[in-house]
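Not measured: the values here are computed from a predicted model.
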Amino acid sequence: MGPAAAGRLTIVGVGVGVGLGLGRPLRHVRADTGTRFGLGAPPATAAEVRAGHLLDSLLHPSERDQRARTGSFWVHTETGWFRFGTLYDIRYRATRWPWVERSICVVTEGFEDRPLADLWAELIVTARADPSALT
């Protein structure tokens with residue numbers, strides 16, 4: 001993916017599945033130290049540290065605390081709540097039916113070549129600006 005495409009979010013596919021608990025976080029980067037945790041990953045790269053700082057700047061304090069504690073975090077939008085932090089298993093709870101939780105799989109163009117925090121940052125911006133794009 002070239003520099004021109006780096007700022008665009010291209011959703012390749014959105015799928016809704018049954019939450020079977022199969023999705024799990026692959027890695028998370030602590031923005032404060034730049035170290036990875038989860039599955040024994042090597043130290044974070046400079047790009048991962050920058051992406052972690054960007055992600056934290058988009059989160060509210062309670063969302064940042066959730067991310068620091070668990071790697072996952074709930075983001076409130078006008079239509080409901082999204083839980084980000086687990087690849088292939090974004091959770092969504094609509095405001096009208098908060099007791100129903102849907103598992104959404106969103107695949108974005110070139111996500112494997114970017115830090116995970118960058119992916120979460122793009123999805124947060126999309127969820128807050130146009131939640132219907134993800135549901």
Side-chain angles (χ1 to χ4, degrees):
M1 176 168 64
R8 292 191 324 245
L9 172 66
T10 304
I11 297 177
V12 177
V14 176
V16 177
V18 185
L20 298 176
L22 298 176
R24 60 188 172 103
L26 295 180
R27 62 184 176 172
H28 302 288
V29 177
R30 293 183 56 95
D32 55 343
T33 62
T35 59
R36 292 185 192 170
F37 57 95
L39 300 184
T45 65
E48 290 171 327
V49 172
R50 282 191 308 273
H53 287 298
L54 171 64
L55 175 58
D56 282 342
S57 74
L58 296 171
L59 297 174
H60 299 296
S62 63
E63 296 163 351
R64 266 194 304 276
D65 292 344
Q66 288 175 17
R67 178 174 178 256
R69 279 194 325 273
T70 67
S72 297
F73 49 95
W74 288 92
V75 173
H76 183 261
T77 68
E78 62 187 37
T79 63
W81 299 267
F82 290 90
R83 188 199 68 195
F84 297 109
T86 305
L87 281 177
Y88 311 111
D89 189 23
I90 296 169
R91 296 300 173 129
Y92 175 70
R93 293 180 184 165
T95 306
R96 298 179 89 180
W97 304 287
W99 56 89
V100 176
E101 188 172 278
R102 294 173 38 192
S103 176
I104 302 169
C105 179
V106 177
V107 180
T108 63
E109 182 178 323
F111 83 94
E112 354 28 41
D113 301 324
R114 300 181 327 196
L116 284 177
D118 186 45
L119 171 68
W120 302 133
E122 285 193 65
L123 291 174
I124 288 169
V125 170
T126 301
R128 289 186 175 147
D130 184 15
S132 65
L134 301 178
T135 57

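- Shortest non-hydrogen contact noted between Arg96 and Pro98 is C-CD, 3.6 Å.
- Rounding to the nearest 0.5 Å places CD of Glu112 at 10.0 Å from CG of Leu119.
- Taking CH2 of Trp120 as the reference point, atom CG of Leu87 lies at 4.5 Å (rounded to 0.5 Å).
- Considering every non-hydrogen atom in both Ala117 and Gly52, the closest pair reads CB-N, 3.7 Å.
- Under the 4.5 Å side-chain heavy-atom criterion for grouping Ile, Leu, Val, Met, Phe, Trp and Tyr, Leu123 is not connected to Leu54 through any hydrophobic cluster.
- Under the 4.5 Å side-chain criterion, counting only non-hydrogen atoms from C-beta, Glu122 is in contact with Asp118.
- Here the CG atom belonging to Asp130 is positioned 10.0 Å from the OG1 atom belonging to Thr77, to the nearest 0.5 angstrom.
- Among all heavy-atom pairs drawn from Leu55 and Ala121, the shortest one is CD1-N, 3.9 Å.
- The shortest side-chain heavy-atom distance between Ile90 and Leu134 does not fall under the 4.5 Å cut-off.
- For Arg83, the salt bridge (Lys or Arg N to Asp or Glu O under 4.0 Å) test picks out Asp89, with sequence neighbours left out.
- Atom CG of residue Leu58 and atom CZ of residue Arg128 lie 7.0 Å apart, to the nearest 0.5 angstrom.
- If you take CG on Leu116 and CD on Glu48, they are separated by 7.5 Å, rounding to the nearest 0.5 Å.
- Between Arg67 and Ser72 the shortest side-chain heavy-atom distance does not fall below 4.5 Å.
- The ring pair (Phe, Tyr, Trp, His ring centres under 6.0 Å) analysis of residues 61-83, with sequence neighbours excluded, yields the pairs His76-Trp81, Phe82-Phe84, Phe82-Tyr92.
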